[in-house]
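Before anything else, here's the structure in question.
A quick note: this is a predicted structure, and the numbers were derived from the prediction, not measured.
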Amino acid sequence: MTTPPRRTARRLLLLAALLVAPGLAAPPARAAGLPAIADLVERVDGAVVSIDTVARSLRDPFYELFPDDGPGVPDQKGVGSGFIIDPDGLIVTNHHVVRGAIAIRVTTAQGNTYPARVVGTDATTDLALLRVQARGLPALRFRDGEQPRVGEWVVAIGSPLGLSHTVSAGIISATNRGIALSDRVNYLQTDAAINPGNSGGPLLDMEGRVVGVNVAVAARGQGIGFAIPAWTARPVIEQLRTRGRVERAWLGVSIRDARAGDDRGVLVVGLAPGGPARRAGLLPGDVVLRVDNQPVRTARDLLTYLNTRVVGSRVTLLVAREGQRVAVGVVLQAVPEAVPRR
């Protein structure tokens with residue numbers, strides 16, 4: 001039997017109402033962040049560069065006694081990524097991208113190629129700053145203050161496997177991730193595709209701000225990449241810009257993870273003679289619970305926080321000492337040569 005037209009119309013209206021009812025309607029693509037990625041890439045892609053390097057290789061040891069004879073091992077070529085942070089030609093990348101390079105060439109999205117020189121590098125955080133002789137370049141800026149949230153959309157742009165200006169998108173999978181690359185960096189983890197050649201490229205939020213510098217990928221996993229957070233990278237890059245090296249703040253302690261009653265903290269095992277912590281009154285056996293009101297549960301927590309401080313700044317440590325809570329103010333010094341950087 002045929003359904004009357006009026007009943008059919010009512011059913012169609014009901015179906016349409018259900019499709020747009022709150023909680024049932026599919027969100028517009030723009031609300032999901034999808035078309036915004038294309039808009040974002042159009043705005044920022046010009047500030048991302050490809051980096052080609054040449055590193056000198058050693059000659060075949062068989063021929064070292066006869067330097068004018070025999071073939072040498074060919075120079076090694078490398079590829080990485082970077083991004084411009086100053087219209088006058090300052091470019092951020094990874095230390096390992098330019099390590100040992102005798103020649104560095106930067107190529108912009110517009111196809112312009114420039115020789116680059118190293119302004120400074122920091123192996124501890126795996127960051128480097130380059131300069132090219134150019135003016136009026138598009139530039140990116142680091143995200144200030146607010147840390148990204150787990151689940152937040154991010155975009156990676158770089159040159160994976162030499163494929164320049166490749167865009168991938170994903171989310172922040174985790175924050176404050178401790179991995180073996182450095183005990184002074186708590187990394188961002190992302191499932192945005194990162195591959196060899198992405199190193200040094202930007203990880204961007206949906207406003208086009210740099211939230212991280214892409215640095216590594218888990219070789220045995222899928223969708224597990226890591227980036228140096230903006231709040232770690234910024235002070236390092238600023239020091240490289242102004243002095244060409246990083247003068248790292250030093251507390252002057254030997255530490256290990258410990259507990260003080262119900263609290264996790266960091267046990268002070270030893271103090272450097274004449275170091276800032278000893279002069280401030282810190283004692284062996286103290287357990288550091290907080291630094292400048294930030295929780296300290298592991299040695300990495302303390303080290304990564306110190307990495308954000310500059311020489312001469314003052315930090316306040318809350319320590320557990322013989323069942324009491326004691327506040328100790330310490331003025332940080334520069335790391336002396338040949339001592340552990342803590």
Checklist line | Tyr114 side chain reached by Val49 side chain, heavy atoms, under 4.5 Å | finding: no
Check: Could you give the distance from CG (Leu317) to CG (Leu251), rounded to the nearest 0.5 Å?
Finding: 6.0 Å
Next item on the list: Flag yes if more than 12 heavy atoms outside Gln110 fall under 6.0 Å of its CD atom; otherwise flag no.
Entry: yes
Item checked: Leu130 vs Thr93 side-chain heavy atoms within contact, under 4.5 Å -> yes
Checklist line | Which atom of Pro148 lies closest to which atom of Trp231, heavy atoms considered | finding: CD-CZ3, 3.6 Å
Check: How about Leu204 and Val154: do any of their side-chain heavy atoms sit closer than 4.5 Å?
Finding: no
Next item on the list: Rounded to the nearest 0.5 Å, what's the gap from CG on Leu181 to NE2 on His96? Could you check?
Entry: 9.0 Å
Notebook entry, point to check: Do Ile228 and Asn94 have side-chain heavy atoms sitting under 4.5 Å apart?
Noted result: yes
Checklist line | Cluster link Met206 to Val41, ILVMFWY, side chain under 4.5 Å | finding: yes
Notebook entry, point to check: Does Arg278 reach the main-chain N or O of Leu271 with its side chain, forming a donor-acceptor pair under 3.5 Å?
Noted result: yes
Check: Do Val268 and Val287 touch side chain to side chain, with heavy atoms closer than 4.5 Å?
Finding: no
Item checked: Ala174 versus Val150, closest heavy-atom pair with distance -> CA-CG2, 4.0 Å
Notebook entry, point to check: Heavy-atom distance under 4.5 Å between the side chains of Ile172 and Leu203, does that happen here?
Noted result: yes
Next item on the list: Could you tell me which residues satisfy side chain to side chain contact (heavy atoms under 4.5 Å, CB included) with Ser81, sequence neighbours excluded, listed by chain and number?
Entry: Ser159
Note to self: Are more than 12 heavy atoms, taken from residues, nucleotides or ligands other than Arg117, located less than 6.0 Å from that residue's CZ atom?
What the structure shows: yes
Margin query: Can you tell me if Arg141 has over 12 outside heavy atoms packed within less than 6.0 Å of its CZ?
Written below: no
Note to self: Would you say Val210 ends up clustered with Leu127 if hydrophobic residues are merged whenever their side chains have heavy atoms under 4.5 Å apart, either directly or through other cluster members?
What the structure shows: yes
Margin query: Strictly below 4.0 Å, N to O, side chains only: are Asp301 and Arg297 in salt-bridge contact?
Written below: no
Note to self: The test is side chain to side chain contact (heavy atoms under 4.5 Å, CB included); show your working for Leu188 and Phe226 and say whether it passes.
What the structure shows: CA-CA 6 Å; Leu188 298 175; Phe226 300 97; over 6 Å; no
Check: Among Arg241, Arg99, Arg245, Arg248, which one satisfies salt bridge (charged side-chain N to carboxylate O under 4.0 Å, His left out) with Asp122?
Finding: Arg248
Check: Is there a donor-acceptor pair under 3.5 Å between the side chain of Thr316 and the backbone N or O of Gly329?
Finding: no
Check: Between Lys77 and Asp52, is the closest basic N to carboxylate O distance under 4.0 Å?
Finding: no
Checklist line | Shortest non-hydrogen contact between Ala128 and Thr121, atoms and distance | finding: CB-CG2, 3.7 Å
Margin query: Between Gln239 and Glu247 (side chain of the first, backbone of the second, donor and acceptor by atom type, cut-off under 3.5 Å), is there such a pair?
Written below: yes
Next item on the list: State, to 0.1 Å, how close Ala169 and Ile37 come at their nearest heavy-atom pair, and which atoms those are.
Entry: CB-CD1, 3.7 Å
Notebook entry, point to check: Are Val296 and Leu289 close enough that some pair of their side-chain heavy atoms sits under 4.5 Å apart?
Noted result: no
Next item on the list: Would you sort out whether Val213 and Phe83 count as a side chain to side chain contact (heavy atoms under 4.5 Å, CB included), showing the intermediate values?
Entry: CA-CA 9 Å; Val213 182; Phe83 57 94; 3.9 Å; yes
Margin query: Less than 3.5 Å apart, any donor N or O on the side chain of His95 or Asp126 sitting next to an acceptor on the other?
Written below: no
Next item on the list: Before giving the answer on side chain to side chain contact (heavy atoms under 4.5 Å, CB included), spell out for Val291 and Leu318 the whole-Å C-alpha distance, their side-chain angles and the decisive distance to 0.1 Å.
Entry: CA-CA 6 Å; Val291 54; Leu318 178 66; over 6 Å; no
Check: Between the side chain of Ser173 and the main-chain N/O of Asp191, is any donor-acceptor distance below 3.5 Å?
Finding: yes
Next item on the list: Give a yes or no on whether a salt bridge exists between Glu152 and Arg143, defined as a side-chain N under 4.0 angstrom from a carboxylate O.
Entry: yes
Notebook entry, point to check: Any donor and acceptor pair, going by atom type alone, linking the side chain of Arg135 with main-chain N or O of Pro87 inside 3.5 Å?
Noted result: no
Note to self: Restricting to non-hydrogen atoms, name the atom on Phe142 and the atom on Ala230 that form the minimum distance, rounded to 0.1 Å.
What the structure shows: CD2-CB, 3.8 Å
Next item on the list: Decide side chain to side chain contact (heavy atoms under 4.5 Å, CB included) for Ile85 and Ile91; before the verdict, give the C-alpha distance in whole Å, the side-chain angles of both, and the deciding distance to 0.1 Å.
Entry: CA-CA 6 Å; Ile85 60 166; Ile91 296 169; over 6 Å; no
Next item on the list: Output yes when Asp292 and Arg314 qualify as a salt bridge under the 4.0 Å nitrogen-oxygen rule, no when they do not.
Entry: no
Note to self: Within the 3.5 Å criterion, strictly below it, is a donor on Asn186 or Arg177 matched to an acceptor on the partner's side chain?
What the structure shows: no
